[in-house]
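Accompanying notes for the structure given below.
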Amino acid sequence: MHKAGFVNIVGNPNVGKSTLMNSLVGERISIITSKAQTTRHRIMGIVNTDDMQIVYSDTPGVLTPNYKLQESMLNFSQSALKDADILLYVTDVVETPTKNKIFLDKVAAQTIPVLLIINKVDLLKSQQDLEKLVSEWHTILPDAEIIPVSAQYKFNLDYLLKRIEALLPPSPPFFEKDALTDKPARFFVTEIIREKILLIYDKEIPYACEVGVEQFKEDERHIHIMAVIYVERDSQKGIVIGKGGKALKKVGILARKDIEAFFQKKVFLELYVKVEKDWRNKDNKLKSFGYQPE
């Protein structure tokens, strides 16, 4: 009997959803930084065995939207509640359990299995601290099964995986058996470049940037990529390029290295910066960047 299902990962920003997803998938599908709101899209990572297919979904952290881009991000998170076979609600040992009660109430109303993942337990000082936290969460989500983990150090992930496998419904596979994700190659190029922007620049800059791949030419040994970093204002363009182009060059060097590792090919990467005023609030731009349906 073949089993398959959608295992959707939801929770507030910065609790380690992407780290957990990558650890469960065994590949670096989602970008990880210490900054909040790193994940903007809903990203699927697919794990296949002979008799099983687990389709994981990483989603943006749940937040109160301030502009249209964040509204789209919240839609991705809420859609993950609707089509899950198993829901992983991820929290950590730092955040207040009652944070974002509106979304928590929606999780509590689910009729599918909910696994409440308490991440970053390596930061706790004692077993008593963990027991107190488990007790608090049991009051908030009484029907959820609570599993403490450390995604970074892979603590207790083997048990989590056993529970996921046990709860998967009987089903034929949803994707080809050699599929790793539902996203095209270009998507991962934009995500890798965006990750480097998050690492290199401060304050508002990373959140005002979006990346588009204008050209992706591939042969047996090489890939030639031309990508554009979009910003909202001329002043941001100057910061992204940096004095003498140094900052942009740094982004290019770091991104090219990771893109080469991802595709296992030599990569030629050209980066440009363009101003697209107020793109985070423009429906046509959000559609073109894949945040809204066409």
Side-chain angles (χ1 to χ4, degrees), residues 3 5-26 28-30 32-39 45 47 52 54-64 74 77-78 80-82 84-169:
K3 297 173 88 177
F6 290 86
V7 179
N8 298 348
I9 304 170
V10 297
N12 292 315
N14 254 22
V15 292
K17 294 186 299 299
S18 297
T19 306
L20 181 66
M21 160 97 154
N22 291 339
S23 297
L24 290 168
V25 174
R28 201 152 161 270
I29 298 281
S30 287
I32 305 163
T33 78
S34 60
K35 290 184 170 130
Q37 298 171 44
T38 302
T39 303
V47 175
M52 208 161 14
I54 309 174
V55 185
Y56 292 102
S57 264
D58 188 16
T59 59
V62 177
L63 42 73
T64 304
L74 183 60
S77 300
Q78 291 181 335
L81 297 178
K82 293 171 188 165
D85 294 296
I86 303 166
L87 193 68
L88 304 191
Y89 183 86
V90 184
T91 179
D92 65 16
V93 300
V94 182
E95 77 169 5
T96 311
T98 50
K99 183 179 177 183
N100 219 328
K101 190 174 180 305
I102 295 169
F103 192 79
L104 265 178
D105 288 344
K106 289 180 181 174
V107 173
Q110 294 297 305
T111 53
I112 54 163
V114 176
L115 302 181
L116 172 64
I117 313 303
I118 302 178
N119 191 22
K120 307 180 189 175
V121 292
D122 52 288
L123 300 178
L124 287 174
K125 291 185 173 67
S126 69
Q127 181 66 22
Q128 284 88 346
D129 289 344
L130 179 57
E131 286 168 6
K132 182 172 176 279
L133 204 51
V134 168
S135 175
E136 279 184 70
W137 273 108
H138 185 66
T139 308
I140 297 163
L141 292 176
D143 295 331
E145 180 182 342
I146 300 173
I147 304 175
V149 306
S150 170
Q152 186 179 354
Y153 297 106
K154 297 186 167 46
F155 168 73
N156 218 20
L157 294 191
D158 51 348
Y159 176 74
L160 171 58
L161 186 56
K162 276 182 194 164
R163 292 302 298 133
I164 290 168
E165 290 174 354
L167 291 165
L168 274 185

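The closest donor-acceptor contact from the side chain of Asn22 to the backbone of Ile29 lies under 3.5 Å. Looking at Thr39, its side chain never comes within 3.5 Å of a backbone N or O of Thr59 through a donor-acceptor pair. No donor-acceptor distance shorter than 3.5 angstrom exists from the side chain of Lys17 to the backbone of Val90, with no hydrogens or angles considered. One N or O on the side chain of Asn8 and one on the backbone of Ala80 form a donor-acceptor pair closer than 3.5 Å.
Residues Val62 and Ile102 fail the side-chain proximity criterion, which asks for heavy atoms closer than 4.5 Å. Between Asn156 and Pro148, the closest side-chain pair of non-hydrogen atoms falls below 4.5 Å.
Rounding to the nearest 0.5 angstrom, the gap separating the CE atom in Met52 from the CD1 atom in Ile54 is 5.5 Å. To the nearest 0.5 Å, atoms NZ (Lys154) and CG (Leu24) are separated by 9.5 Å. To the nearest 0.5 Å, the span separating OG on Ser77 from CD1 on Ile9 amounts to 11.5 Å. Going from atom OG of Ser23 over to atom CG of Leu161 covers 11.5 Å, rounded to the nearest 0.5 Å. Rounded to the nearest 0.5 Å, atoms OG1 (Thr64) and CG (Asn100) are 6.0 Å apart. Atoms CZ and CG, from Phe103 and Leu81 in turn, are 4.0 Å apart once rounded to the nearest 0.5 Å.
Smallest separation of non-hydrogen atoms from Glu165 and Lys3: O-NZ, 2.7 Å.
The residues Asp105 and Lys101 are annotated as salt-bridged, a charged nitrogen and a carboxylate oxygen being separated by less than 4.0 angstrom.
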Under 3.5 Å, which donor-acceptor pairs do the side chains of residues 129-142 form with other protein atoms, sequence neighbours left out?
from, atom 1, to, atom 2, distance (Å)
Asp129, OD2, Ser126, OG, 3.4
Thr139, OG1, Ser135, O, 3.1

For residues 108-123, which side-chain donor-acceptor pairs fall under 3.5 Å, sequence neighbours excluded?
from, atom 1, to, atom 2, distance (Å)
Gln110, NE2, Lys106, O, 3.2
Asn119, OD1, Ala151, N, 2.9
Asn119, ND2, Val15, O, 2.9
Lys120, NZ, Asn14, O, 2.8
Lys120, NZ, Asp92, OD2, 3.2
Asp122, OD1, Ser150, OG, 2.8

For this session: Would you please test Leu160 and Leu157 for side chain to side chain contact (heavy atoms under 4.5 Å, CB included) and show each step?
Result: CA-CA 5 Å; Leu160 171 58; Leu157 294 191; 4.2 Å; yes

Exercise. Between Leu167 and Val7, is a side chain to side chain contact (heavy atoms under 4.5 Å, CB included) present by the stated rule, with each step listed?
Worked result: CA-CA 10 Å; Leu167 291 165; Val7 179; over 6 Å; no

For this session: Would you sort out whether Tyr89 and Leu104 count as a side chain to side chain contact (heavy atoms under 4.5 Å, CB included), showing the intermediate values?
Result: CA-CA 9 Å; Tyr89 183 86; Leu104 265 178; 3.7 Å; yes

Problem set entry | Chi angles and distances behind the side chain to side chain contact (heavy atoms under 4.5 Å, CB included) call for Ile86, Leu168 | CA-CA 7 Å; Ile86 303 166; Leu168 274 185; 4.1 Å; yes

